[in-house]
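If you read the sequence from its start, that first residue is 1, and numbering goes on from there. Below, all heavy atoms of this structure are taken into account, side chains as well, without hydrogens, waters or symmetry copies.
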Amino acid sequence: MFKWEITAERNTAASPKDIWNIWKDVSNWPQWDHDLEWSRIEGDFTLGTSGTLKPKGWFSSQFKITDLVLEQSHTETTYMPMTTLNFAHQLEKIYDGKLKITHKLTVQG
């Protein structure tokens, strides 16, 4: 069994609603995630909804929204043979009206 994690953070002056609107627009994820060729979702951006994405140079894979707190956080989970990938995204209000955006990938198998 293994576990690997990587986290990226960035501060912004954008509002939580602005970032949330970008996140829930799944078909446009490749505009800000340049490692994706395409992405789509099968319904609304809500807990339990599934979708499919295609990383550049890789095969397409299905994901499921496994955690969601409106305008605060969400996690997409991809189940692969012997491996689970969790992509967690979080918004946190910090000083002077700024917002911290955190993306965390956890790979387990």
Side-chain angles (χ1 to χ4, degrees):
M1 193 78 121
F2 68 90
K3 184 176 182 179
W4 178 76
E5 294 182 341
I6 187 168
T7 302
E9 298 177 339
R10 180 157 197 155
N11 296 344
T12 181
S15 73
K17 184 175 182 135
D18 290 339
I19 300 301
W20 191 260
N21 286 334
I22 291 168
W23 284 352
K24 73 179 188 175
D25 187 6
V26 175
S27 64
N28 283 310
W29 283 359
Q31 289 184 8
W32 58 269
D33 185 340
H34 302 291
D35 292 325
L36 292 178
E37 284 185 31
W38 54 264
S39 54
R40 62 178 167 250
I41 193 166
E42 300 165 14
D44 294 329
F45 193 80
T46 58
L47 187 63
T49 302
S50 296
T52 308
L53 53 79
K54 168 95 173 51
K56 292 178 181 174
W58 201 250
F59 56 88
S60 64
S61 59
Q62 292 190 328
F63 67 87
K64 185 175 188 174
I65 299 173
T66 54
D67 184 50
L68 186 140
V69 178
L70 187 63
E71 294 186 12
Q72 289 183 25
S73 64
H74 73 280
T75 301
E76 305 100 43
T77 301
T78 299
Y79 302 98
M80 301 173 71
M82 300 177 60
T83 305
T84 301
L85 291 83
N86 287 297
F87 296 88
H89 311 272
Q90 182 176 1
L91 301 175
E92 179 184 352
K93 291 182 182 179
I94 55 175
Y95 62 91
D96 295 332
K98 298 278 186 181
L99 187 67
K100 180 168 73 172
I101 303 169
T102 302
H103 296 279
K104 180 178 180 180
L105 168 60
T106 304
V107 181
Q108 305 183 89

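Not less than 6.0 angstrom separates the ring centroid of W23 from the ring centroid of F45. Less than 6.0 angstrom separates the ring centroid of W32 from the ring centroid of H103.
With sequence neighbours excluded, the residues that form a side chain to side chain contact (heavy atoms under 4.5 Å, CB included) with W38 are R40, T52, K54, S60.
A distance of 5.5 Å separates OG1 in T78 from CZ in F87, rounded to the nearest 0.5 Å. Between the CG atom in L53 and the CG atom in L36 there is a gap of 5.5 Å [rounded to 0.5 Å]. Here CD of E92 is found 10.5 Å from CD of Q72. Values are rounded to the nearest 0.5 Å. One finds the CD atom of E5 at 4.0 Å from the NZ atom of K104 (value rounded to the nearest 0.5 Å). Taking CD of E37 as the start and CG of D35 as the end, the distance is 10.5 Å to the nearest 0.5 Å. Expressed to the nearest 0.5 Å, how far OG1 of T102 lies from CG of L99 amounts to 9.0 Å.
Y79 and V107 are assigned to two separate hydrophobic clusters, defined by single-linkage of ILVMFWY side chains at heavy-atom distances under 4.5 Å. L70 and I19 fall within the same hydrophobic cluster, where Ile, Leu, Val, Met, Phe, Trp and Tyr residues are linked whenever their side-chain heavy atoms come under 4.5 Å apart, directly or through other members. When the side chains of ILVMFWY residues are joined at heavy-atom separations under 4.5 Å, either directly or via intervening members, I6 and F2 end up in a single hydrophobic cluster. No continuous path of ILVMFWY side-chain contacts below 4.5 Å connects V26 to L85, so the two sit in separate hydrophobic clusters. Linking Ile, Leu, Val, Met, Phe, Trp and Tyr residues whenever their side-chain heavy atoms come within less than 4.5 Å places L105 and M80 in a single cluster.
Side chain of D25 to main chain of N21: no donor-acceptor pair is present (N/O by atom type, distance under 3.5 Å, no hydrogens or angles). Counting only distance, with no hydrogens or angles, the side chain of K56 and the backbone of H34 share a donor-acceptor pair below 3.5 Å.
Using a 4.5 Å heavy-atom cutoff, the side chains of Q108 and N86 are in contact. For the pair E71 and L91, the minimum side-chain heavy-atom distance is 4.5 Å or more. You'll find the side chain of R10 stays beyond 4.5 Å of the side chain of T12, heavy atoms only. For the pair N11 and Y95, the minimum side-chain heavy-atom distance is below 4.5 Å.
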Would you sort out whether I41 and I65 count as a side chain to side chain contact (heavy atoms under 4.5 Å, CB included), showing the intermediate values? CA-CA 10 Å; I41 193 166; I65 299 173; 3.9 Å; yes
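Shortest non-hydrogen contact noted between K64 and G48 is CE-O, 3.5 Å.
Between H89 and H74, the two ring planes are parallel [angle under 30°; tilted spans 30° to 60°].
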